[in-house]
Protein chains: 2
Amino acid sequence: MSEVEPETTEQRILDAAEELFYGRGIQSVGMDAIRTASGVPLKRLYQTFPSKDTLVEAYLRRRDARWLRDLAQYVDTYDSPEQRILAVFDWLFLWFSEQGFRGCGFINSFGELGATSQTVADIAKAHKDAFRRYLADLVAVADAPAWLTDQLVLLAEGAMTTAAISGTPEHARHAKDAARTLLRAAHAGVVTAA
Amino acid sequence: MSEVEPETTEQRILDAAEELFYGRGIQSVGMDAIRTASGVPLKRLYQTFPSKDTLVEAYLRRRDARWLRDLAQYVDTYDSPEQRILAVFDWLFLWFSEQGFRGCGFINSFGELGATSQTVADIAKAHKDAFRRYLADLVAVADAPAWLTDQLVLLAEGAMTTAAISGTPEHARHAKDAARTLLRAAHAGVVTAA
DNA sequence: CATTCTCGAAAACGGTCGTTCTCCTACGGT
DNA sequence: ACCGTAGGAGAACGACCGTTTTCGAGAATG
């Protein structure tokens, strides 16, 4: 019962791992760096996560769940279906403005390890699918055509990578502007087939 | 004068390096794999590129130039300013459909090494800037407002990452549909301010 | 107090990687 | 034929990394 700190060992490891993996890339971070950052000795670290691969997997899964939860919490502060769709891009702006923002952790890990690790590729795909399903719900509630979802996904994903590489959050505003135009066009029944 | 093959040593190295770096990620590829794939012995490899870092840099620079050149060549087969803009997304579809497509090499290398190597981060940024300038030209010639450029960039970048992770090229079509809608809205003078 | 057990710090191990070096073959010039 | 040199194949080296093991300092128990 020496639980002085509220944080469990697993959480301390995952906190350190997330900051390092996200901030520097996965392969650039050794287990020793995670040990130093978390203060958890190597022995206990390997008792909690039997390999670096499992730790990477746990990092991605926790980040996946928290990212979608935070997004939904923000969107839930709006009522109007149209505003809820646009709120997604406001939330992106807040995220892009955070110190240490370095793009989408799943796009980054897919680019780094997707060809090597099927697990990482699958988790990234599942994350993007979940995001797409969330947007599809918002679109359905707003009575917009289903294909608007695909367009909004592209704007959001494009904003993430562009914001990461350029280092400025303003691209979320541009995405929101475009989303508003597409939303209005969809509601107006403007069919954009060739 | 034993130049039987038209390829120079440097080209053979870069060809092998590009296929491996792009296909598996940079840190996952050792110099020995490049030696095997290129058939160039290690000694000559290091005479041509004094370190892995310089080889990575050369890989990125050559890919940058060729990518933009290929895009422009395709777009140049169209005359109408509007069709030239939309042709960008047709070219993306062709690119996404190529065997071994694994997303944008610059987004990938930025996610993997951008935090560690300022050089890689700079090259990725320069590549995206050049792409943006190219789109800005197309937009200007089409007499569309400058801010349309920002929106088109987001659609293109989003299509790249979404196509990479999902593994299907259709997202280029969705991006083209959205681009057409945004282009029409811009020409109609629909202001999308809040 | 003696003993056993727990646990953290750090050394050690095996493998890989970037880079250099060695050795050997083959050829060119005289 | 002989020698010098270039060039290629691969061993070698030093550093690092993921993982395991050792060692010693306490705490718990009799």
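Naming convention: chains lettered A, B, ... in sequence-line order (proteins, then strands); numbering from 1 in each chain. Owing to the predicted nature of the structure, the values given are computational and were not obtained by experimental measurement.
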Q. Roughly, in whole Å, what's the span from CG in A:Asp53 to P in D:dC17?
A. 16 Å
Q: Return the minimal non-hydrogen interatomic distance between B:Arg24 and A:Ala115, and the atom names on each side.
A: CA-CB, 3.9 Å
Q: Please determine if a side-chain N or O atom of A:Arg44 lies less than 4.0 Å away from the OP1 or OP2 oxygen of C:dA9.
A: no
Q | Option among B:Asp76, B:Asp90, B:Asp79, B:Asp137 that satisfies the salt bridge (Lys or Arg N to Asp or Glu O under 4.0 Å) test with B:Arg84 | A | B:Asp76
Q) Of all the choices, D:dG10, C:dT20, D:dT19, which nucleotide is nearest to the side chain of B:Arg35 once you look at every atom? A) D:dG10
Q: Please state how far atom CD in A:Gln47 lies from atom C1' in C:dT6, giving the value in whole angstrom units.
A: 10 Å
Q | Value in whole Å for how far the P atom of C:dA10 lies from OH of A:Tyr46 | A | 17 Å
Q.
Please verify the inter-ring angle class for A:Trp95 with A:Trp91; under 30° counts as parallel, over 60° as perpendicular, anything in between as tilted.
A. parallel
**Q.** d(CZ, A:Phe21; C1', D:dC17) in whole Å
**A.** 12 Å
Q) Separation of A:Asp32 atom CG from C:dA10 atom C1', in whole Å? A) 10 Å
(Q) If you only use heavy atoms from C-beta on, which nucleotide in C:dG8, C:dT19, D:dT19 is closest to the side chain of B:Lys52? (A) C:dT19
Q: For A:Val40, report the nucleic acid contact type (base, sugar-phosphate, nothing); a contact means any heavy atom under 4.0 Å.
A: nothing
Q. Base, sugar-phosphate alone, or nothing: which one does A:Lys43 contact when heavy atoms must sit under 4.0 Å apart?
A. base
Q: Starting at atom CG of A:Leu42, determine the distance to atom P of D:dC17, rounded to an integer number of angstrom.
A: 12 Å
(Q) Ignoring hydrogens and geometry beyond distance, is a side-chain donor-acceptor pair present between B:Asp122 and B:Gln118 at under 3.5 Å? (A) yes
Q. What about the rings of B:Trp67 and B:Phe131, do their centers lie closer together than 6.0 Å?
A. yes
(Q) Can you measure A:Arg24 atom CZ to D:dC17 atom P for me and round it to whole angstrom units? (A) 11 Å
Q. Picking from D:dG10, C:dG18, D:dG18, which would you name as closest to the side chain of A:Met31?
A. D:dG18
**Q.** For atom CG of B:Leu45 and atom C1' of C:dG18, their distance in whole Å
**A.** 11 Å
